[in-house]
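Position 1 is the first residue of the sequence; numbering continues from there. Atoms within each ligand, like the ligands themselves, are counted from 1 in listed order.
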Amino acid sequence: GGGAAAEPKVGLGVVVVKGETVLMGRRRSSIGASTFAVPGGHLEFGESFEDCAKREVKEETGLDIEKIEFLTATNTVFLDEPRPAHYVTIFVRAVLANPQQEAQNLEPEKCDGWSWYGWNDLPKPLFRPLETLVESGFSPFK
Ligand code: 8DG
Ligand code: MG
Ligand code: MG
């Protein structure tokens, strides 16, 4: 850390859908701290969107996902954060491989915990890229 965020980075957010609900947790990470976001992280060198989605969801929640589909991308410049950053974020949708499986908070230093929320009853405040998506009228259920 400490250096200037000179280049945009690629993030990937996974909208995990169960019935009419999606999985969200309150962030503890420096960017978007205390806002609600979906599981996800940085695309690693050589990785497909699908592999990144599976890996991040497994690392952060212990859940296994399937039927991964590209949704959309956002372009967000975070100038009002402790460290300015610019993210292009790929959003994908997925469902649980086993709907009985429970989400675990496996990175408690990065998230307060995971819960399921209706798209019309999302927790607030949302992480800015998600807020932009929701305000644009986007829905993973359409
Ligand atoms: P990693 O080290 O596990 O790769 O990264 P992470 O610690 O899990 O990173 P992250 O902050 O969860 O995700 C990387 C970036 O992706 C984040 O800083 C900004 C961007 N991003 C969005 N929207 C969302 C979102 O809804 N969820 C997540 N997790 N990241 C998002 O722009
Ligand atoms: Mg993450
Ligand atoms: Mg991660």
Visitor: Give the residue, atom name and distance (to 0.1 Å) of the protein heavy atom nearest atom 7 (O) of ligand 1.
Guide: Lys110 NZ, 2.8 Å

Visitor: With a 4.0 Å cut-off on heavy atoms, does Glu56 reach ligand 1?
Guide: yes

Visitor: Taking 2.8 Å as the cut-off, does an N/O/S atom of Glu59 lie below it from the Mg ion (ligand 3)?
Guide: no

Visitor: Can you tell me if Arg27 contacts ligand 1 (heavy atom of the residue under 4.0 Å from the ligand)?
Guide: yes

Visitor: Any Lys/Arg nitrogen of Glu66 or Lys54 sitting under 4.0 Å from an Asp/Glu carboxylate oxygen of the other?
Guide: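 Salt bridge absent between Glu66 and Lys54.
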
Visitor: State plainly whether the residues Glu107 and Arg28 are in salt-bridge range, i.e. N to O under 4.0 Å.
Guide: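 Salt bridge: no.
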
Visitor: Give me the residue, atom name and distance of the protein heavy atom closest to atom 16 (O) of ligand 1.
Guide: Gly11 CA, 3.5 Å

Visitor: Can the ring centres of Phe78 and Phe127 be said to be less than 6.0 Å apart?
Guide: yes

Visitor: Would you mind checking which non-hydrogen protein atom is closest to atom 28 (C) of ligand 1, with the distance to 0.1 Å?
Guide: Val38 O, 3.4 Å

Visitor: With respect to the Mg ion (ligand 3), please indicate if Glu107 possesses an N, O or S atom at a distance under 2.8 Å.
Guide: no

Visitor: Against ligand 1, does Thr76 come closer than 4.0 Å with any heavy atom?
Guide: no

Visitor: By atom name, which N, O or S atom of Glu60 is the nearest to the Mg ion (ligand 2)?
Guide: OE2

Visitor: Any nitrogen or oxygen of His42 lying under 3.5 Å from a nitrogen or oxygen in ligand 1? Just yes or no.
Guide: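 Yes; at least one N/O pair falls below 3.5 Å.
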
Visitor: Where's the contact between Pro39 and ligand 1, heavy-atom distance under 4.0 Å: side chain, backbone, both or neither?
Guide: backbone

Visitor: Identify the closest protein heavy atom to atom 12 (O) of ligand 1: which residue and atom is it, and at what distance?
Guide: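 Atom 12 (O) of ligand 1 sits closest to the protein heavy atom Gly40 O, 3.1 Å.
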
Visitor: Lys9: heavy atom below 4.0 Å from ligand 1, yes or no?
Guide: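 It does not, in that no heavy atom of Lys9 comes within the 4.0 Å cut-off of ligand 1.
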
Visitor: Identify, for atom 13 (O) of ligand 1, the protein heavy atom at the shortest distance, and state residue, atom and that distance.
Guide: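 For this ligand atom, the closest protein heavy atom is Gly41 CA, 3.3 Å.
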
